Amino acid sequence: MPEKKYDFRKDLDTVHRNALRNMSLSPLPHESAVNENWNIRIAEDASGFIVNAARDLADYLFVSMNLSVGIRKGGFDEKNSIILKVAERGKLKVRRSFLFRCDSGSIVIEGADERGTAMGGYYLEDLMNLREAPFIEHTQHLLKEPLFSPRMVHSAYGMDVFTEKYLSGIAHLGYDSILVYVDGKEQGKQGPTDFNSVIDMAESAGLDVYFYSAFQNLHHPEDKGAKEFYDTVYGGLFRRYPKAKGLILVGESCQFPSHDPHTTMTIHRSGECCYRSGKPMPGWWPCDDFPLFVETVRDAVRKVSPEADIVLWTYNWAAAPKELRTKLIDRLPKDITVELNFELHDNVKIWGTQERALDYTISLPGPSRLFHDEGTAARRNGLRLYAMSNTGGRTWDFGAIPYIPVPMQWGRRMENLLEARKNYGLSGLMESHHFGMYPSIIAELGKWLFWSNGPKSKEEILRKMAVRCFSENTADAVMEIWKEWSDAAGEFITPIDDQYGPCRVGPSYPFLFGACSLRQTWGMTMKFPWTKFNKYEIAMPVYSVVNDPDGLDIGPRRIKAEIRHLPELIKRWNSGADRMESLLVQIETRKHPAARKMIALARYIANTLATVLHIKQWWLENQRLLAEDDPERSEAILSRIILIAQEELENARATIPLVEQDSSLGYEPSMDYVTDRSHLEWKIRQLTSVLERDIPQYRKSIAIARSLEAQ
């Protein structure tokens, strides 16, 4: 039965999955088997948070493991007990850490704090999930500490939309913070927001809240009245929401009227001033007075909230010289945090051309040259360092899918982040932009790798996940499929023209005929049919090839190289999906729905790549058509354009059953739906109109040319 739009939110609100237990399994000699004779035990004076942690564990055992256990206060010496308690003050040094012990008669979880105790309970659930049974290996005093904090994510539910259950699911996956936008109207992207309620819900789930600033800063810090302005805006924010953890500042979203002469020195976003002056706006340049701006914001916030984490993210400044970027970091206040992009802006020679990763991608695991330069400067200055890692599982490589199923490639990034922890002092992560975090094998892999005393390798834990998701006898084949997809992801460095075009939108992306006519019904000014819930129109419906002098090969050379190699990548995604589908007969029926969704996801990616291939062929042939004055050669080009259109129409039609099978496909929180049935049908009408109206109109012009030549 097809899913309805937004049905995926039910999945986000499902904390514990039904019937994960394999009833055919038996405990091994070195395992303890939790059964109905066991109880969960908490202290007599346990807080409400610990009581809820115990209830969560009991619910997990009931829903996922088909076990009904009681919750008791006291009796820590009783046998057959799962003991949840908070360690004595000072016993454990790291926030949210915990000690885990299992013997023949009890499981003891001792948290550094209440959140640590809850994390220990979630770890117990993770172990049972992998085992597919309530059987736990005997373990003596295992210490688990988070290796990164904060680990921040936006909402995949909708921009700034969080429910209690979704927040609980985020905490279960090991994240410790969420991000919400705030602007000068004290509202998020969905409109007026009760931020204190969001903060309270997050706190109940064991999560902190960071504000992502979208304030318009009307005054330079040295202006008359500036101190009062910043105190009102930023100090006022933390006066009204005192439990907020921190504030994210990123150039494009926190512009101020800088005095740096390298910039337009204005915050107006029309762009006209940039064209007139040839200079960037202040948000896109490491202005020499950015340190003063950060210091002014810091002082306004810290006067109210002394422990607030003030984070400056250097996302927008990659085009500036290294000397200016690192000089800015040298001059920042030493008690703030710097956040860096992890993988962006490296030039890559591939396929006989040169590509450049200009926005979020998993094609490159990182770290980039830019991260090295700025990370070295941050460490030299003793600054706390975070990275934008997107390890929640999504990037702009494919903008409207729940996650990119390339676990080996994600694992490489995670391993490199752990190396950066040693080499640069990296301590915190932003793990999604506003496309949010969707529960997946990628998010789960991050939890396993980003805590101490974890698996020996990413391959070890991924194989266990493959067994759980499929079966023991199919796990090796699944690992091979995941590796094939991971390798394919590393071979296509998605250029910016695709990331802001067909990769972001998917197979609904329009194909506009380049030879405009007075009678053309789908002209080059055509507007994409955004939904009423759209917040950002961050895709370009008219395909154009970007030329970046800092790294990209000239457009036609690059496009031709991509056209030569994309068919092989499409084949690899589809062959993996075919092979995974053939494995279904070998796994339990209860595992089929999740497996089928992974297959649909892979086919959607393959279809998106087909749209990318076709739009490149389309662009190239349209360019040739516009430059061709010979009627016969023009007709030959038109024949090729028609063939491309017919193939793309079939591709769009083939995508409809995929988006109806999984309502998360074609959705991105800031754009809402961009590839669902209605958008695909719109695309089919648009391209059919090109075939039935626009191309016949152009053929009339070719006929005129023939008649003139015959005279």
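Being a predicted model, the structure only gives us computed values, none of them experimental.
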Is it true that [X] and [Y] have a side-chain N and a carboxylate O under 4.0 angstrom from each other?
{"X": "E355", "Y": "K349", "answer": "no"}
{"X": "R504", "Y": "E668", "answer": "no"}
{"X": "R706", "Y": "D630", "answer": "no"}

Aromatic contact between [X] and [Y], with the criterion being ring centroids under 6.0 Å apart: yes or no?
{"X": "Y604", "Y": "W573", "answer": "no"}
{"X": "Y6", "Y": "Y673", "answer": "yes"}
{"X": "H434", "Y": "Y212", "answer": "no"}
{"X": "W396", "Y": "F435", "answer": "yes"}
{"X": "F528", "Y": "H679", "answer": "yes"}

Assess, by modelled atom type and distance only, whether the side chains of [X] and [Y] contain a donor and an acceptor separated by less than 3.5 Å.
{"X": "T494", "Y": "Q499", "result": "yes"}
{"X": "E343", "Y": "T361", "result": "no"}
{"X": "S663", "Y": "D7", "result": "no"}
{"X": "D397", "Y": "T395", "result": "yes"}

#### Entry: Residues T264, T266; criterion side chain to side chain donor-acceptor pair (under 3.5 Å); working and verdict
CA-CA 5 Å; T264 60; T266 178; 5.5 Å; no

### Query
Does R564 make a cation-pi contact with W351, if we ask for NZ or CZ under 6.0 Å from the ring centre and within 45° of the axis?
no

Rounded to the nearest 0.5 Å, how far does [atom2] of [Y] lie from [atom1] of [X]?
{"X": "W410", "Y": "I442", "atom1": "CH2", "atom2": "CD1", "answer": "7.0 Å"}
{"X": "M408", "Y": "E484", "atom1": "CE", "atom2": "CD", "answer": "11.0 Å"}
{"X": "N347", "Y": "L552", "atom1": "CG", "atom2": "CG", "answer": "7.5 Å"}

### Query
Is there a side-chain contact (heavy atoms from CB on, under 4.5 Å) between K560 and K616 once you walk through the steps?
CA-CA 8 Å; K560 290 176 182 178; K616 291 177 187 297; over 6 Å; no

### Query
Any idea how Y315 and Y360 line up, ring-wise: parallel (<30°), tilted (30 to 60°), or perpendicular (>60°)?
tilted

### Query
Is L638 close to I695 at the side-chain level, that is, under 4.5 Å between some pair of heavy atoms?
yes

### Query
What do you reckon, is NZ of K5 surrounded by more than 12 foreign heavy atoms closer than 6.0 Å?
yes

### Query
Which is it for R624 and E621 under the salt bridge (Lys or Arg N to Asp or Glu O under 4.0 Å) test, yes or no, and what are the steps along the way?
CA-CA 5 Å; R624 289 169 175 155; E621 295 296 353; 3.1 Å; yes

